[in-house]
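Reminder, nothing fancy here: chain letters follow the sequence lines and each chain counts from 1.
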Amino acid sequence: MGKGIPTREEDYSGWYNELVKKADLAETSAVRGCMVIKPYGFSIWERMQAELDRMFKETGHTNAYFPVFIPKSYMSKEAQHVDGFAKECAVVTHHRLKNAEDGSGVVVDPEAKLEEELIVRPTSETVIWNSYRNWIQSYRDLPLLINQWANVVRWELRTRLFLRTAEFLWQEGHTAHATEQEAIDETEQMLEVYATFVEQFMAVPVIRGLKTPSERFAGAVETYCIEALMQDGKALQSGTSHFLGQNFARAFDVKFATRDGGLEHVWGTSWGVSTRLMGALIMAHSDDNGLIIPPRLAPTQVVIIPIFRNEEQHSAISEKVMEVKISLERLGVSVKYDDRDTHKPGWKFAEYELKGVPVRLAMGPRDLENNTVEVARRDTLEKQSMELDETFPQKIAGLLDQMQTDIYNKALEFQQDNTHKIDDYEEFKRVLDEEGGFVYAHWDGTDETEAKIKEETKATIRCIPLNAEAEEGKCIYSGKPSQQRVLFAKAY
RNA sequence: CGGGGCGUAGCGCAGUCCGGUUAGCGUACCUGCUUUGGGAGCAGGGGGUCGCAGGUUCGAAUCCUGCCGCCCCGACCA
């Protein structure tokens, strides 16, 4: 493509990195591992937030906000939790700077050392459950259904824009329930909310499943996840929903009086999706010309570009375009009219292609004369001339719906074409090495086998699929009996 | 933390081996004219602590020493 972005074929990760930057989604910052999300990238994230937030509220959740700092002692209250996160925590040790005595700048004031260090939250279970102790007294206080939109910090060794950054934006739901079953139902419900969002808005098909014990969230009894397949054949974990059992309730002593006068620990869940979804969106659909954004998430669904030689033509076209714009907006379509005379039409065509605007309308003197407009769709790059009659707005709205479906179906077809059922370990290794994709294979259920396979193939068990058919088989590695196939892939 | 690579204009790079005019090219930016149905053309213009600090030298982007930062590959991870 024109702007020096490598093709996917040449250099997939180079393509991804350059696309993120050239499409104005994000850039690296002065702080190692942290990104600046630029206005266009953030507007897509805001579309995701808006739809997810609506879905959370429809399922009874309310938003709240908890502190970015966690007292160090909280982290160690749940033993597995601290094991999972200890290695990647940013720690605040002082609260003041002072001028250096040699005039070289500012230094940390040793006098200002904190009594107890503060951890910059890598996730908020501990600080939230500490509050829940006071919020929950009785079965009447349950269920407690809270969501938080926040930033978190995990000191990752190697980072990539959106896919893995030291600081990232996400939402984290934290709920408390009177019964185990109700908490499990909540965990499963939120997994389904995520799957629905990713499939219906992001147009990315996902596999719903359970993590193996080794991949489970630190402190969870069970971790549910959705896994998506990217164009390079690698899997991306796109959302997780955890059943916490009574682990955090015990760690933070959160008990409630039951209806019959007893005193019990509450049952918890937590669930989250992050700006990593931006990475999934980019990698699932985009091509060598730039981004492809599904209409339901596109900040701008239709861009209109005028083609004119003089001011007279410009104003005549603008007048017509305004009518079209209003008629589309009436149907809920978001429209941008770009009549800047600082860039030529060809430049704008390339620019909006790079940014993935789903539909482009171009109107020039010829169109004005014939009462037509050129309609180009981003996903297929097809162009056609359409009559500007009273059915036109409906046709564009219909086209956007069609594109949403087509983009999903293309991704689904790719996923199906790259999903294999394999029973022979040599074939298993060959496919993962040469072709990538999802591989369904039998597993004996042990950590040892999982670790060995990871060591030998770099592939991990992405999940134990939900609703899979029971099937007698033999573990692909050990040959021991297995009741069900699990999903293997190399992952981000 | 191990291995490799790189720091020169907003971005992408050449120049460094072998020290020597005023540090150069593409792109982007500014001005003007011509252009405008797929990233325009011509002319003119602005923009540089050559990563930082020290050293060698008449003279350092270039040689020496030390430091810093970034990227890629591994281990860790949403």
Side-chain angles (χ1 to χ4, degrees), chain A residues 1-6 11 13-14 17-18 21-22 24 27-34 83-89 104 122-123 151-172 194 211 214-218 220 223 225-228 235-242 270-280 289-290 305-311 313-314 317 339-355 360-370 372-374 376 381 383 385 454-455 458 460 462 491-492:
Chain A
M1 63 188 288
K3 283 276 189 176
I5 298 181
D11 176 6
S13 64
N17 284 330
E18 284 305 305
K21 290 179 205 166
K22 296 274 163 56
D24 249 351
E27 62 188 21
T28 52
S29 75
V31 182
R32 191 203 70 89
C34 296
D83 280 353
F85 287 103
K87 285 171 292 181
E88 49 188 43
C89 285
S104 62
T123 179
N151 60 336
V152 287
V153 169
R154 297 182 188 175
W155 212 261
E156 300 290 350
L157 301 177
R158 266 190 70 207
T159 57
R160 292 191 66 192
L161 292 170
F162 290 119
L163 296 175
R164 185 175 301 106
T165 45
E167 179 195 22
F168 55 95
L169 306 184
W170 76 344
Q171 59 69 218
E172 45 182 327
Y194 288 154
K211 284 294 181 194
S214 75
E215 299 264 334
R216 208 173 269 158
F217 175 75
T223 289
C225 64
I226 50 175
E227 294 285 329
L236 185 71
Q237 179 175 307
S238 306
T240 47
S241 184
H242 314 291
S270 68
W271 27 274
V273 294
S274 71
T275 36
R276 171 178 262 199
L277 287 179
M278 293 285 292
N289 297 306
I305 296 169
I307 297 153
F308 54 87
R309 288 169 196 275
N310 53 50
E311 201 39 48
Q313 288 181 344
H314 180 189
I317 290 167
D339 66 340
R340 289 176 297 171
D341 62 0
T342 50
H343 294 286
K344 292 179 50 171
W347 189 92
K348 293 176 189 172
F349 291 175
E351 181 69 10
Y352 290 109
E353 241 157 51
L354 180 60
K355 292 194 165 181
R360 181 186 74 230
L361 306 181
M363 192 187 292
R366 285 206 306 268
D367 293 300
L368 206 55
E369 208 171 299
N370 303 329
T372 57
V373 67
E374 183 189 81
L381 299 172
K383 292 191 283 196
S385 184
K454 182 176 180 181
E455 195 181 308
K458 308 258 191 233
T460 48
R462 302 316 306 154
Y492 275 96

**Prompt:** What is the nucleic acid contact for A:Thr223, judged by heavy atoms within less than 4.0 Å: base, sugar-phosphate only, or nothing?
**Reply:** nothing

**Request:** Pick the P atom in B:C11 and in B:U56, then give their distance to the nearest Å.
**Result:** 34 Å

**Prompt:** Which part of the nucleic acid does A:Phe168 contact within heavy-atom distance under 4.0 Å: base, sugar-phosphate only, or nothing?
**Reply:** base

**Message:** A quick test of your reading: do over 12 heavy atoms of other residues, nucleotides or ligands sit less than 6.0 Å from CZ of A:Arg309?
**Reply:** no

**Asked** If only side-chain N and O atoms of A:Arg366 are considered, is one of them under 4.0 Å from the OP1 or OP2 phosphate oxygen of B:G37?
**Response** no

**Fill in**
When A:Thr159 and A:Gly239 are each assigned the nearest nucleotide of RNA chain B, the 5'-most assignment goes to A:Thr159

**salt_bridge(A:Glu167, A:Arg154) N-O dist < 4.0 Å** = no

**Asked** With respect to the side chain of A:Thr165, which nucleotide from B:A78, B:C76, B:G39 is positioned closest?
**Response** B:A78

**Asked** Passes side-chain contact (heavy atoms from CB on, under 4.5 Å), A:Leu161 versus A:Thr28? Steps please.
**Response** CA-CA 7 Å; A:Leu161 292 170; A:Thr28 52; 4.1 Å; yes

**Asked** Between B:A61 and B:C13, how far is it from one C1' atom to the other, in whole Å?
**Response** 15 Å

**Message:** Does the Lys NZ or Arg CZ of A:Arg360 fall within the cation-pi geometry relative to A:Phe349 - under 6.0 Å from the ring centre and within 45° of the axis?
**Reply:** yes

**Prompt:** For A:Arg462 and A:Thr460, what are the C-alpha separation, side-chain angles and deciding distance, and is it a side chain to side chain donor-acceptor pair (under 3.5 Å)?
**Reply:** CA-CA 6 Å; A:Arg462 302 316 306 154; A:Thr460 48; 2.7 Å; yes

**Fill in**
Considering only heavy side-chain atoms of A:Pro365, the closest of B:G39, B:A78, B:G37 is B:G37

**Request:** Could you work out which one of B:A78, B:U36, B:G39 sits closest to the side chain of A:Ser274?
**Result:** B:A78

**Prompt:** Which nucleotide in the list B:A78, B:G38, B:G37 gets nearest to the side chain of A:Ile307?
**Reply:** B:G37

**Asked** So what does A:Glu156 touch, heavy atoms closer than 4.0 Å: a base, only the sugar-phosphate, or nothing?
**Response** base

**Identity of whatever pairs with B:A40 - Watson-Crick or G-U, under 3.5 angstrom** = B:U34

**Asked** How far does the P atom of B:C64 sit from the matching atom of B:G46, given to the nearest Å?
**Response** 36 Å

**Message:** I want to confirm an ordering. Mapping A:Ser238 and A:Thr28 to their closest nucleotides on RNA chain B, which one lands closer to the 5' end?
**Reply:** A:Thr28

**Selected nucleotide, minimal atom distance to A:Lys458 side chain, candidates B:G37, B:G38, B:A75** = B:A75

**Verdict with reasoning, A:Glu27 to A:Lys22, per salt bridge (Lys or Arg N to Asp or Glu O under 4.0 Å)** = CA-CA 9 Å; A:Glu27 62 188 21; A:Lys22 296 274 163 56; over 6 Å; no

**Message:** Please name the nucleotide paired to B:G69 by Watson-Crick or G-U wobble geometry with both distances under 3.5 Å, or report none.
**Reply:** B:C6

**Item:** Distance, C1' atom - from B:G41 to B:G51, rounded to whole angstrom
**Value:** 38 Å

**B:G37 phosphate, OP1 or OP2, under 4.0 Å from A:Lys344 side-chain N/O** = yes

**Request:** State the pairing partner of B:G20; accept Watson-Crick or G-U wobble contacts with both distances under 3.5 Å, and report none otherwise.
**Result:** B:C58

**Fill in**
When both distances are under 3.5 Å in a Watson-Crick or G-U wobble arrangement, the nucleotide paired with B:C1 is B:G74

**Request:** Tell me which nucleotide among B:A75, B:C72, B:G38 gets nearest to the side chain of A:Phe349.
**Result:** B:G38

**Request:** For B:U62 versus B:U49, give the span between their P atoms, rounded off to a whole number of Å.
**Result:** 16 Å

**Request:** Name the closest nucleotide to the A:Glu351 side chain, picking from B:G37, B:G39, B:A78.
**Result:** B:G39

**Asked** Are side-chain N/O atoms of A:Thr223 and A:His242 paired as donor and acceptor at under 3.5 Å?
**Response** yes

**Fill in**
The nucleotide from B:C76, B:G37, B:A78 with an atom nearest the side chain of A:Arg154 is B:A78

**Complete:** Picking from B:C72, B:C76, B:G38, the nucleotide nearest the side-chain atoms of A:Asn17 would be B:C72

**Request:** Could you tell me which nucleotide pairs with B:C29 by Watson-Crick or G-U wobble geometry, both distances under 3.5 Å, or answer none if nothing does?
**Result:** B:G45

**Message:** Using the side-chain heavy atoms of A:Glu353, tell me which of these nucleotides is nearest: B:A78, B:G38, B:A75.
**Reply:** B:G38

**Asked** When the C1' atoms of B:G47 and B:U27 are considered, how many whole Å apart are they?
**Response** 14 Å

**Request:** Tell me what A:Asp367 touches on the nucleic acid: a base, only sugar-phosphate, or nothing, going by heavy atoms under 4.0 Å.
**Result:** base

